[in-house]
Amino acid sequence: MEVITKIADLQKKIADVRTGGNIIGMVPTMGALHNGHLQLVKRCVAENDCCVVSIFVNPTQFNDKNDLLHYPRTLEADCKLLESVGCTFVFAPEVEEMYPVEDTRVFDLGTVAEVMEGKYRPGHFNGVAQIVSKLFDVVKPDRAYFGEKDFQQIAVIRSMVKLLNSPVEIVACPIVREEDGMALSSRNVRLTPGQRKNAIGISQTLFKSRTFAERHTVIETVEYVISTLNAIPDLEVEYFEIVDGNTLLPVDNWNDSAYIVGCITVYCGEVRLIDNIAYRR
Ligand code: PAF
């Protein structure tokens, strides 16, 4: 495994790999890797001849400076983990390498980028599209792997790929959870032990809401999830929406779509956590 920080160096290496007709897979990350990322990397390694993992804390997607400041940075440990799962190249550029000039591009990604996270984190998905489009331009992967914990992000990236006529195949991979059900996230390390205990309520309530939904309406299920979570110390729901899994628009009835997902964002103290659950798939 090689760690590369310059675009030109990575492009040379990738050109060599491609000459042999090899297929290139990519896993874009912001580092602070956990088992959820490693599952993406393992799949990328298994399905492609060459696996490129990018580690870059992208400033343009943080609408909260404090969040950017506190985002964990653990490059050395990340590289050890990546080596252990067979990654070929780690691309870990500095900010100046990816943004030699300010990126002023504004992407029209449609409603999938405007609802939920789009409403609560203005500019976030535009920043994601800026960096992911740059990474795709540099690496030109055949496939790119993303985790379904960031369910809306996958829809936004699919929309970006269409907008740019990019040939990259977007591969969505299931959420990886701790044994107690908590979705793995780089932000979990910021929780105090007490908050971590209370945060289990998020996935537990989502799972229970599946049973609840069998005998209740969509709106009753939304109210059930929000009121249950807000009653748990440390937790405050920012939004919970039950949406069509493709359009991400809210559904009114369970038979409105064959693909229905509940998407949630909860503050646990200062830490913003997201999760989701499929009701119909
Ligand atoms: O999901 C993430 O970690 C980031 O949003 C991504 C896709 C690496 C872009 O910075």
Side-chain angles (χ1 to χ4, degrees), residues 5 7 10 25-41 43-44 51-65 67-75 77-79 81-82 87 89-99 103 105 107 109 112-113 116-118 120-139 141 143-161 163-164 166 168-176 183-190 263 265 271-276:
T5 58
I7 291 173
L10 181 65
M26 167 162 214
V27 184
T29 82
M30 296 205 298
L33 302 182
H34 49 66
N35 191 31
H37 296 109
L38 295 187
Q39 295 309 315
L40 303 181
V41 179
R43 185 154 168 200
C44 180
C51 167
V52 182
V53 177
S54 61
I55 296 183
F56 181 68
V57 182
N58 173 38
T60 73
Q61 72 187 72
F62 285 83
N63 53 337
D64 176 350
K65 290 227 158 55
D67 198 15
L68 173 62
L69 203 70
H70 289 104
Y71 204 86
R73 288 158 171 88
T74 55
L75 184 61
D78 290 346
C79 288
L81 289 172
L82 291 173
C87 166
F89 299 121
V90 178
F91 179 49
E94 294 293 332
V95 172
E96 298 70 35
E97 185 72 4
M98 293 315 291
Y99 295 106
D103 191 341
R105 291 174 300 163
F107 292 82
L109 301 162
V112 292
M116 299 190 287
E117 292 293 283
Y120 288 92
R121 300 183 72 187
H124 167 66
F125 284 131
N126 199 61
V128 170
Q130 287 176 340
I131 190 61
V132 175
S133 62
K134 277 174 181 270
L135 291 168
F136 284 1
D137 274 348
V138 170
V139 176
R143 300 192 185 99
Y145 296 76
F146 295 90
E148 281 186 335
K149 185 176 79 64
D150 295 297
F151 186 77
Q152 188 173 2
Q153 175 169 273
I154 297 182
V156 168
I157 289 169
R158 287 194 202 282
S159 168
M160 181 204 82
V161 157
L163 180 74
L164 302 178
S166 168
V168 185
E169 180 193 341
I170 304 302
V171 184
C173 304
I175 300 180
V176 180
L184 292 186
S185 163
S186 305
R187 291 195 164 91
N188 293 353
V189 296
R190 292 177 52 202
C263 298
T265 294
V271 185
R272 192 174 185 274
L273 300 170
I274 65 172
D275 201 344
N276 62 78

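As the structure lists them, so they are numbered: ligands from 1, and atoms in each ligand from 1.
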Going by the order shown, which atoms of ligand 1 are within less than 4.0 Å of some heavy atom of [X]?
X: M30; result: 3 (O), 4 (C), 8 (C), 10 (O)
X: Q153; result: 1 (O), 2 (C), 4 (C), 5 (O), 7 (C)
X: I131; result: 9 (C), 10 (O)
X: Q61; result: 4 (C), 5 (O), 9 (C), 10 (O)
X: P28; result: 8 (C)
X: T29; result: 8 (C)

**OP:** Nearest 0.5 Å please: distance from the CG atom of N63 over to the CZ atom of F125.
**Re:**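 Interatomic distance, N63 CG to F125 CZ, rounded to 0.5 Å: 10.5 Å.
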Original post:
What heavy-atom pair brings R121 and Q61 nearest, and what distance separates the two atoms?
Top reply: NH2-O, 3.7 Å
Original post:
Hey, is the main chain of A183 close enough, under 3.5 Å, to the side chain of N188 for a donor-acceptor pair?
Top reply: yes
Original post:
Is the closest side-chain donor-acceptor distance between E117 and T265 under 3.5 Å?
Top reply: yes
**OP:** Can you label the angle between the F56 ring and the Y99 ring as parallel, tilted or perpendicular, going by 30° and 60°?
**Re:** tilted
